[in-house]
Amino acid sequence: MSYLPYSSKNTNASGLAALDLEQPSTSRAANVRPASRTLHLGQTPTPPASPFINPLDQYAQQQIYADKSSRLLGLIRSAQGMVEELRCTNQNRRAIQYPWLTNEGQRRPIRRNQTYREDQESKPVEGPLRRARSNSSSNIPTASVDKAELGLNVLKLDVKLGTQTSLDVSKLEESSISKLLDERFGHALTHLNKLYARISDTSSKMLVTGDLNAGKSTLVNALLKREVVPADQQPCTSLFCEVLDAQMNEGVEEVHGITDASKYDRNDPSTYTRIDLRHLENYLYSMLKVYCTDRREAKESLLHNGIVDIALIDSPGLNRDSIKTTALFARQEEIDVVVFVVGAENHFTLSGEEFLRSAGREKEYIFIVVNRFDNIRDKARCKRQILEQIKEISPRTYEDADDFVHFVSASNCLNSEETPEEFAKLEQSLRSFALEKRAKSKLAPAKLFLKNIFSDISILSAYNREKAEKDLAEATQSLEEDKPAYEEIINRSQRIINDADRILEDICSYVDLHSRSKLNNAIETLEEFSSVVEWKGLLYVWQFAQQVKNTMVNFVENRVVECEIKAKERTSVGLQRLDKLGANKHLDQSQSEIDVESLFCVPSPTKKLDIQVEITDLIDLREKFNMMTLSLGSAGMILGKYIGYQKLFTSFLDMGSSIGFQPRRWGWLSVVVGAGAVYFIVSDMRHVVERKIANKIRDNVRKTNYVHNQVQRITKESRNILRMSSWDLQTRFQNAVKVQEEKRLQQTMKQKAAVEAKEYFGTLSKKVLTLNSAVNAIDTEERKIIASHNALY
């Protein structure tokens with residue numbers, strides 16, 4: 001295989017070789033066409049000079065094409081705004097529900113949506129969407145959508161785990177699906193931007209791709225009728241090689257090696273390197289741009305056609321490493337025509353099918369070139385098998401197989417003086433599709449993509465509107481169902497809290513009254529409980545006094561303990577009554593643990609009575625003296641009253657004289673009288689001790705306010721326990737009210753959001769229906785438009 005000849009005479013000032021096609025200067029000058037004419041939108045086109053199209057027909061074509069382009073560009077901008085709005089809604093307002101989820105909450109895989117035929121687009125949709133055999137865009141649904149048959153094209157979520165393995169998106173969480181859908185919105189916006197640039201660009205790009213060793217480069221050279229692209233050089237299998245007319249490079253033939261395609265500028269030599277294809281293995285590039293001159297006349301050439309600029313792109317073969325790059329290039333870059341080359345002996349590989357399905361989402365028509373067909377013995381069988389595969393992969397291509405499916409042997413056409421009939425047919429179909437049928441080749445893919453994106457948006461809108469209606473119904477029903485419970489909990493909360501306060505006060509009042517009465521009675525009856533102490537005589541009077549004191553103090557303190565026990569019992573009763581108040585289905589039944597047994601477990605220092613026994617507590621001389629004085633005084637009064645005081649005194653003196661008063665006798669008398677007095681005093685000592693100690697305890701109780709303090713302490717601890725339960729009940733009611741209020745707030749917000757979503761998606765459905773009708777109104781089939789135009793003249 002020979003390459004473009006290298007000639008030192010064509011070396012430019014930088015020392016890099018230019019291409020020399022060994023063409024005579026006279027013929028070269030004759031065949032160089034004028035610079036391509038760019039038709040701007042809104043500008044009246046001038047009839048170009050073309051050797052094979054009538055000027056008036058060409059002028060009419062360009063005028064109609066410009067009108068269609070302008071309308072499509074406006075629709076692309078509308079689609080961009082709509083997708084951006086959907087993306088913003090999905091990110092900030094409401095997660096867009098993907099049709100993997102049914103109304104019953106079941107996840108089910110959705111088959112790829114088959115779209116509608118052109119002749120069905122004007123028919124109204126009745127009932128659920130139906131599948132159609134055609135691969136054109138589906139009509140816009142205006143009625144309820146059957147979730148089992150929904151499917152998307154542009155916005156379809158298809159996550160690849162490997163070369164052929166897809167992740168089951170239906171098993172992902174809704175948040176993950178929302179993120180994936182956001183990525184699809186981003187990809188759609190990027191593609192719409194590229195689509196806008198493609199329609200704005202008056203040139204056309206033709207991509208030649210296919211499986212490895214299918215003969216892509218050979219086909220490119222055959223179409224150019226010269227060996228421009230190296231067909232057997234290994235590095236070329238990993239990069240894109242774009243062949244353009246040298247007229248686009250000011251008539252200079254050369255090769256530009258590009259490392260960054262986004263920065264390439266033909267007028268800036270720093271963005272590329274001029275190279276020789278024979279030395280390609282010494283360089284690493286991402287793309288090559290080959291500017292060459294076609295020696296043929298304009299009516300036979302693709303590049304040198306006199307109508308539009310065409311770039312013929314030779315791509316790497318499909319394999320594990322380049323399939324994603326090639327599919328991305330075909331789908332998102334500025335490709336107008338895809339020529340897929342397949343080996344006749346291999347048919348379609350899995351990579352080829354995947355690429356064609358991917359490209360078919362935008363392009364209805366794909367040129368299929370079956371290369372090396374002359375090596376096949378049973379040609380009829382080979383054609384039949386390949387056409388059956390094409391029927392499944394690209395239905396519209398199959399329908400027009402005469403124009404888009406060609407069985408050739410490219411290697412036999414390169415150096416042949418006469419072009420084989422089938423290859424000539426391929427050339428004519430490519431020229432007709434790329435040049436004369438530009439609306440079909442350049443605008444139809446844009447139209448298809450718009451119809452697909454509008455169909456996807458319509459499906460999403462219909463599904464999300466139904467979802468919003470369901471959410472609205474659920475929120476409204478929930479608010480109605482929860483209203484009685486909410487009102488009940490509000491009304492009962494204050495009433496039950498008041499009842500809890502009343503129970504607390506009742507229990508505490510009872511504990512106060514009972515404890516006070518019990519302790520006061522114990523203080524008043526201290527002497528009754530001292531009889532249990534044994535009196536062992538005068539010698540043990542001190543010990544007796546201590547035992548009496550301890551007995552009385554213990555008696556009082558035991559009564560305090562009894563009051564505590566009673567208070568604990570009443571507190572338990574109060575807790576039970578409070579628990580009954582809290583037995584409500586709307587309340588949280590997980591109560592805080594309140595241990596009644598912990599009541600009064602901490603010893604209280606105020607419970608003890610600090611009484612000390614003193615010697616004066618053993619006798620009561622004042623009381624005895626008072627009794628003697630009172631007795632003698634009473635006797636004197638009685639005798640004086642009857643015999644007179646003077647006579648009584650005189651009688652006493654006379655009695656002393658009569659008995660013979662003697663001092664010694666009076667001394668013994670004094671002893672006897674004293675002993676009697678002592679006996680009189682100690683004879684009642686037991687009762688004196690009990691009485692004095694009891695009085696001493698009473699005095700201490702009064703001084704220290706003992707009864708009041710104990711009653712306050714007992715009542716306070718009971719109140720604290722009951723208050724804890726009351727606070728717990730109050731807290732549970734407050735939480736229940738809060739839960740109900742939050743639930744109603746959520747349902748209210750859900751209801752509001754559902755109303756907004758229903759209105760938004762309803763409006764969106766109407767907008768997309770209008771836009772889809774505008775897309776359908778753009779005819780890209782070239783139906784006798786020239787004849788009708790000429791008829792006017």
Side-chain angles (χ1 to χ4, degrees), residues 84-107 144-145 147 172-182 185 460-501 578-592 723-766:
E84 287 176 353
E85 186 178 359
L86 274 172
R87 190 179 192 185
C88 181
T89 300
N90 184 57
Q91 291 176 342
N92 305 322
R93 297 175 58 189
R94 177 186 178 92
I96 303 297
Q97 297 294 319
Y98 192 73
W100 288 96
L101 304 177
T102 65
N103 274 347
E104 295 76 20
Q106 300 175 347
R107 298 173 182 261
S144 176
V145 184
K147 305 303 182 298
L172 297 178
E173 297 293 334
E174 292 186 18
S175 58
S176 300
I177 293 178
S178 178
K179 292 180 180 178
L180 291 175
L181 193 57
D182 180 74
F185 286 140
L460 288 177
S461 300
Y463 181 79
N464 281 268
R465 187 174 186 275
E466 289 185 2
K467 188 66 168 58
E469 291 176 347
K470 180 183 177 182
D471 291 345
L472 177 60
E474 290 177 352
T476 304
Q477 182 179 1
S478 179
L479 287 173
E480 291 297 325
E481 292 177 351
D482 294 340
K483 185 177 180 180
Y486 175 72
E487 294 177 350
E488 177 188 358
I489 203 70
I490 290 293
N491 296 332
R492 291 195 59 185
S493 60
Q494 189 59 46
R495 183 173 68 252
I496 290 180
I497 289 173
N498 293 336
D499 292 343
D501 291 339
L578 290 175
D579 289 342
K580 290 181 179 179
L581 291 179
N584 188 284
K585 63 180 180 179
H586 302 294
L587 295 184
D588 179 15
Q589 299 302 319
S590 58
Q591 308 173 20
S592 59
R723 186 171 292 161
M724 289 175 59
S725 179
S726 177
W727 285 347
D728 178 71
L729 179 63
Q730 184 175 355
T731 301
R732 286 192 288 146
F733 264 100
Q734 290 176 350
N735 291 339
V737 172
K738 185 178 180 180
V739 168
Q740 291 292 331
E741 289 178 346
E742 289 180 351
K743 185 176 180 181
R744 291 184 64 82
L745 178 61
Q746 291 177 357
Q747 295 300 324
T748 301
M749 294 176 62
K750 181 179 178 180
Q751 188 181 48
K752 181 180 178 181
V755 171
E756 293 177 354
K758 180 181 177 181
E759 294 177 355
Y760 169 73
F761 288 111
T763 303
L764 187 63
S765 295
K766 295 179 181 178

Inset, instruction - Decide yes or no on salt bridge (Lys or Arg N to Asp or Glu O under 4.0 Å) for Glu466 and Lys470, but give the supporting numbers first. - result: CA-CA 6 Å; Glu466 289 185 2; Lys470 180 183 177 182; over 6 Å; no
Inset, instruction - Begin with the C-alpha distance, continue with both residues' side-chain angles, and end with the deciding distance and a verdict on side chain to side chain contact (heavy atoms under 4.5 Å, CB included) for Leu581 and Phe733. - result: CA-CA 11 Å; Leu581 291 179; Phe733 264 100; 5.9 Å; no
Inset, instruction - Under the side chain to side chain contact (heavy atoms under 4.5 Å, CB included) rule, what do Tyr486 and Leu479 come out as? Steps first, then yes or no, please. - result: CA-CA 10 Å; Tyr486 175 72; Leu479 287 173; over 6 Å; no
Legend entry - side chain to side chain contact (heavy atoms under 4.5 Å, CB included) evaluation trace for Leu86 with Leu764: CA-CA 10 Å; Leu86 274 172; Leu764 187 63; 3.7 Å; yes
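Expressed to the nearest 0.5 Å, how far CZ of Arg744 lies from NZ of Lys483 amounts to 7.0 Å. Note that CD of Glu173 is 12.5 Å distant from OG of Ser178, once rounded to the nearest 0.5 Å. Rounding to the nearest 0.5 angstrom, the gap separating the CD atom in Glu756 from the CG atom in Leu472 is 11.5 Å. Atom CG in Asn464 sits 12.0 Å away from atom OH in Tyr98 (nearest 0.5 Å). Distance check: Glu474 CD to Lys467 NZ gives 6.5 Å after rounding to the nearest 0.5 Å. Rounding to the nearest 0.5 Å places CZ of Arg87 at 10.0 Å from CG of Leu181.
Inspection of the Gln740 and Asp482 side chains reveals no N or O donor paired with an N or O acceptor under 3.5 Å. Side chain to side chain, Thr476 and Gln751 meet the donor-acceptor criterion of an N or O pair below 3.5 Å.
Taking 4.5 Å as the limit, every side-chain heavy atom of Met724 sits out of range of all side-chain heavy atoms of Asp728. Phe185 is not listed as a side-chain neighbour of Glu84, based on a closest heavy-atom distance of 4.5 Å or more.
Atom NZ of Lys750 has more than 12 heavy atoms from other residues, nucleotides or ligands within 6.0 Å.
In terms of heavy atoms, Ile96 sits closest to Asn90 at N-OD1, 2.8 Å. Shortest non-hydrogen contact noted between Asn491 and Arg495 is O-NH1, 3.5 Å. Closest approach of Lys758 and Ala468 over heavy atoms only: N-CB, 3.7 Å. Scanning all heavy atoms of the two residues, the minimum distance from Ser726 to Asp501 falls at OG-OD1, 3.9 Å.
Arg94 forms no cation-pi arrangement with Tyr760, by the criterion of a distance under 6.0 Å to the ring centre and an angle within 45° of the ring axis.
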